[in-house]
Structure formats: C-alpha cells, structure tokens
Amino acid sequence: MRQNNQSKIQQALSDKKMIEQIANSPDAQKLAGMLTQGTDPASLQKIAQNAAKGDTTQLKALIQSITSSPGGAELLQKLGNSFGQK
C-alpha cells in the first residue's frame with residue numbers, strides 16, 4: 001500500500017495545475033509561514049541547494065522542527081493527504 005501512495009505522489013508531482021492549487025492552499029501558506037519563521041530566505045535557499053545535492057541533514061532538522069511545533073505534524077499530514085487525494 002505504501003508503494004501505491006508513492007506512485008500517487010509521483011503522479012501528482014507531475015500535475016502542475018494540482019501543485020499550484022496545493023501551493024496556494026491555506027495549509028501550504030501556513031507551512032510557508034512556519035518555514036520562514038526564524039529562518040532567513042538565504043538560509044532556506046542554502047538548505048534547499050544542499051538537499052538537491054544530496055545533503056539532507058539541514059532539511060531533516062528543519063522538518064523535525066516543524067513536526068515538533070504545535071500543529072506542524074498535522075499540517076504536513078494534511079498536505080501529504082492533498083497529494084494522495086488529487
């Protein structure tokens with residue numbers, strides 16, 4: 001079942017219209033606020049660049065900080081479900 005969810009997510013990632021709808025959703029806006037809270041844009045860009053190169057240490061730490069914040073884990077779950085339902 002997990003592989004089925006992964007294939008749904010992969011399919012969803014290729015749907016630009018759906019990604020745009022999810023990105024503009026209130027949940028995504030809340031997540032963006034959580035990401036930028038206490039982290040400057042240059043640091044976020046550096047984290048993304050490092051992750052793209054294979055170094056996900058900082059990205060994992062950022063995600064961990066979100067999942068441990070009030071409502072953060074629930075928000076990520078809702079966004080994850082958005083990909084699976086579209």
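Note that the structure is a prediction, hence the values are computed from the model and not measured. Side chains are part of it too, since the values below use all heavy atoms of this structure and drop only hydrogens, waters and symmetry mates.
One N or O on the side chain of Asn24 and one on the backbone of Glu20 form a donor-acceptor pair closer than 3.5 Å.
For the residue pair Leu75 and Leu31, the shortest heavy atom distance occurs at CD2-N, 3.5 Å. Closest non-hydrogen pair, Ser69 versus Met34, comes out as OG-CE, 2.7 Å. Between Ala23 and Ala28, the shortest heavy-atom contact is O-CB, 3.3 Å.
Using modelled atom types, one finds no donor on one side chain facing an acceptor on the other under 3.5 Å when comparing Asp27 with Ser25.
Rounded to the nearest 0.5 angstrom, Lys60 NZ and Thr67 OG1 are separated by 13.0 Å. The line from NZ of Lys46 to CG of Asp40 is 12.5 Å long, rounded to the nearest 0.5 Å. Atom CD of residue Gln58 and atom CD of residue Gln49 lie 10.5 Å apart, to the nearest 0.5 angstrom. For the atom pair Leu35 CG and Ile66 CD1, the distance stands at 4.0 Å (nearest 0.5 Å). In this structure, Thr56 OG1 and Leu62 CG are separated by 12.0 Å, a value rounded to the nearest 0.5 Å.
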- Task: Let me see the working for Thr36 and Leu44 under side-chain contact (heavy atoms from CB on, under 4.5 Å), right down to the final yes or no.
- Result: CA-CA 8 Å; Thr36 57; Leu44 288 174; 3.8 Å; yes

